[in-house]
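These numbers were taken from a predicted model, which means no experiment stands behind them. When reading the values below, keep in mind they use all heavy atoms of this one structure, side chains included, and skip hydrogens, waters and symmetry mates. Throughout, protein chains are lettered first and strands after them, A, B, ... in sequence-line order, and every chain is numbered starting at 1.
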Number of protein chains: 2
Amino acid sequence: MDLRTLRYFCALVQEGHFGRAAAKLGIAQPPLSRQIQNLEQELDVALLHRIKKRFEVTPAGLLLYERARRLLDGADQAQTDVRRAGAGDLGRLSLGFVHSTAFTILPGIISRFRRAYPDVELELREMLHNNLVPALESGSVDAGLLRPPINSRLLQVSTLIREPFLVLVPVSHRLAGRKSVNLKQLADEPFVLFSRAGSPLIHSRVVEMCLRAGFTPSTVQYADQIHTVAGFVGAGMGVGIAPATVASFNFTGLKCLQITDRPAALPMALAWRTGNASMLLRNLTRIARTAANAWSPAEPPKP
Amino acid sequence: MDLRTLRYFCALVQEGHFGRAAAKLGIAQPPLSRQIQNLEQELDVALLHRIKKRFEVTPAGLLLYERARRLLDGADQAQTDVRRAGAGDLGRLSLGFVHSTAFTILPGIISRFRRAYPDVELELREMLHNNLVPALESGSVDAGLLRPPINSRLLQVSTLIREPFLVLVPVSHRLAGRKSVNLKQLADEPFVLFSRAGSPLIHSRVVEMCLRAGFTPSTVQYADQIHTVAGFVGAGMGVGIAPATVASFNFTGLKCLQITDRPAALPMALAWRTGNASMLLRNLTRIARTAANAWSPAEPPKP
DNA sequence: GAATCTAATACCCGGAAGGTATTGAGATGG
DNA sequence: CCATCTCAATACCTTCCGGGTATTAGATTC
């Protein structure tokens with residue numbers, strides 16, 4: 001009992017006529033007659049009540065017809081779904097991300113991906129960097145948004161955006177009126193710094209760029225996240241250095257100034273396991289690059 | 001995409017190994033490899049991620065596996081169900097019956113049939129004789145329990161039981177002590193008669209047997225149903241003649257006497273449309289005959 | 001590096017599915 | 001009432017697909 005035979009039987013029941021059913025199926029009438037006979041023989045059931053060169057469908061035949069219809073519909077559906085899954089516009093994709101991406105590149109990726117692939121279930125999981133990397137390696141997460149450097153030979157990394165740093169000063173600060181500033185001008189300022197524990201990468205980058213400018217920042221306060229840093233600076237506790245995303249939040253009480261030293265920007269990357277050929281992933285990386293191109297640090301996330 | 005191919009693919013996914021899957025399927029390994037390749041080609045989807053002589057199932061493959069499992073299960077189920085339907089122990093059967101059978105042969109048939117064929121939905125429809133016959137002819141009812149004569153060339157009739165008639169007398173009656181009675185002895189009695197309108201067959205039979213015994217029954221009261229007749233007799237309104245089933249009700253105030261004249265018994269038959277080869281119907285007729293053999297007029301219906 | 005295991009490839013064979021021609025039984029219409 | 005038409009079944013042929021065996025190529029293991 002294969003699907004072709006069932007298709008034949010359904011056509012026959014629908015048409016009520018061997019010749020028309022055969023024509024509809026694109027075959028000749030004798031093969032259809034034989035297939036139906038074989039089916040009846042295989043099931044050992046009279047599906048048709050043949051009476052005077054015509055026939056009516058027996059109750060068993062009617063039952064088979066209903067079941068066969070459902071099976072055929074299911075098979076068609078399965079086929080199209082599998083095709084779609086293979087093309088990457090049906091399925092499930094889990095995307096891990098570190099907290100800071102939620103304010104930069106992630107929203108644009110999500111909305112674009114959802115629009116382009118509404119039938120892909122995009123599972124979003126906020127994770128710490130150090131948990132996300134092994135999750136990617138093990139395959140429990142398909143793709144991850146996180147900051148390089150990523151030291152794993154199993155993962156492929158594609159940098160999406162590079163966020164420049166900005167200097168934050170309270171509105172009352174002597175430098176608040178300027179558009180840009182040289183780091184050396186901040187040598188004697190009290191600093192609100194990203195903490196080593198909460199944001200080790202940014203912490204080291206900020207300290208490093210200050211050292212390169214010739215001074216060690218004198219820390220008045222540590223903070224874990226960008227909002228906290230901005231809040232402290234806005235409260236007049238000191239100056240700060242933060243990724244450019246901070247400008248898009250419109251915090252009150254502070255000004256954002258460009259840095260003439262042009263220290264190395266902070267990259268944000270998409271990472272996935274090497275050899276993952278899934279079209280879902282491929283589509284996500286494409287979408288991510290598109291979103292990255294449309295992203296600008298000073299503006300709120302685009303659709 | 002036919003069921004065989006899906007079966008192959010499922011086995012492969014389950015075994016995770018071409019050789020073992022092929023062995024399980026009872027075929028050699030090369031044909032299996034080829035079938036899977038053909039399937040991938042037909043769907044234009046990579047179902048397996050082949051990596052170093054081993055493979056893992058892609059998301060699309062996993063989706064196909066799930067769908068295929070369901071389809072295969074559905075096909076198996078359909079096959080067994082259709083076989084059962086063909087054998088007559090799965091399906092739906094409608095049985096029409098006239099009121100009077102509900103106290104005689106019908107209960108035994110129902111309980112036996114339900115026990116023997118629990119998966120056949122037995123649809124019971126009480127109908128008037130004159131509606132039941134055309135319903136049988138049109139096929140809207142598969143079988144009918146009713147009293148001959150049935151004048152329809154389209155229907156086949158099988159008499160199940162023959163109910164003798166009994167005489168009913170009030171307990172205070174002069175004949176109440178006897179076991180049997182000759183009809184002639186009732187010539188001058190007031191009669192409670194089945195009405196011509198409500199029970200034409202019994203009415204005519206009773207009148208006929210009285211005429212044959214040499215008298216016309218003088219009617220004191222008409223009644224439509226057996227309960228009413230028995231009630232009136234029990235109330236002392238007169239004597240009556242009724243089918244033997246009356247004895248099984250244990251009405252108070254009356255006695256049931258056999259009739260030495262032995263008038264023709266009242267038949268009850270099963271009827272169905274000629275040429276209906278349904279196994280459901282065949283099973284029902286067999287059950288009905290069994291139930292009829294076990295039936296006795298004086299006792300309450302047997303299981 | 002030899003042995004072994006696994007999937008893929010090459011090639012052959014048999015059977016099943018499809019096609020054409022025909023039959024035979026009913027229905028139809030003049 | 002007979003000729004014709006219709007429709008499913010039968011007979012027979014052809015083709016192609018599924019399965020088998022033998023072999024190859026690549027990877028792992030001892």
Requested in this report: Look only at the side chain of A:Arg162 and the backbone of A:Ala265, and say whether a donor-acceptor pair between them is shorter than 3.5 Å.
Outcome: no
Query - Nucleotide C:dA16, atom P - distance to CG of A:Leu39 in whole Å - result: 15 Å
Requested in this report: Round to the nearest Å and state the distance from A:Tyr8 atom OH to C:dA17 atom P.
Outcome: 9 Å
Requested in this report: From the options C:dG19, D:dG18, D:dG19, select the nucleotide whose nearest atom is closest to the side chain of B:Asn38.
Outcome: D:dG18
Query raised in the report: With respect to the phosphate group of D:dA9, does any side-chain polar atom (N or O) of A:Ser33 fall under 4.0 Å of OP1 or OP2?
Result: yes
**Report entry** Nearest-nucleotide 5' precedence on DNA chain C, B:Phe18 against A:Ile27
**Finding:** B:Phe18
Query raised in the report: How long is the line joining CG of A:Leu6 and P of C:dA17, in whole Å?
Result: 13 Å
**Report entry** Donor-acceptor pair, side chain of A:Thr5 and main chain of A:Met1, under 3.5 angstrom
**Finding:** no
Requested in this report: Give me the one residue out of B:Arg83, B:Gln79, B:Gln77 that meets side chain to side chain donor-acceptor pair (under 3.5 Å) with B:Asp81.
Outcome: B:Gln77
Query raised in the report: Judged by atom type as modelled, is there a donor-acceptor pair below 3.5 Å linking the side chain of B:Asp142 to the main-chain atoms of B:Ser94?
Result: yes
Query raised in the report: Between B:Arg54 and C:dC5, is there a side-chain N or O to OP1/OP2 distance below 4.0 Å?
Result: no
Query raised in the report: With no angle test and no hydrogens, is the base of C:dA8 tied to the side chain of B:Gln37 by a donor-acceptor pair under 3.5 Å?
Result: no
Requested in this report: Take the protein atom CZ of A:Arg50 and the nucleotide atom P of C:dG24, then report the distance between them rounded to whole Å.
Outcome: 19 Å
Report task. Return the nearest nucleotide to the side chain of A:Pro30; candidates are D:dG18, C:dA10, D:dA11. Result -> D:dA11
Requested in this report: Specify the separation, in whole Å, of atom CG of A:Asp2 and atom C1' of D:dC17.
Outcome: 13 Å
Query raised in the report: Under 3.5 Å, is there an N or O donor on one side and an acceptor on the other linking the side chain of B:Arg34 and the base of D:dG19?
Result: yes
Requested in this report: Could you check how far CD1 of A:Ile36 sits from P of D:dA8, rounded to whole Å?
Outcome: 12 Å
Report task. Report the C-alpha separation of A:Arg273 and A:Asn276 in whole Å, then their side-chain angles, then the decisive distance to 0.1 Å, and conclude whether the side chain to side chain donor-acceptor pair (under 3.5 Å) test is met. Result -> CA-CA 6 Å; A:Arg273 197 160 74 167; A:Asn276 184 342; over 6 Å; no
**Report entry** Length of the line joining A:Glu15:CD and D:dT6:C1', which is rounded to integer Å
**Finding:** 17 Å
Requested in this report: Output yes when at least one side-chain N/O atom of B:His17 is less than 4.0 Å from OP1 or OP2 of C:dC5, else no.
Outcome: no
Query raised in the report: Taking atom C1' of C:dA8 as reference, at what distance in whole Å does atom CD of B:Gln29 sit?
Result: 7 Å
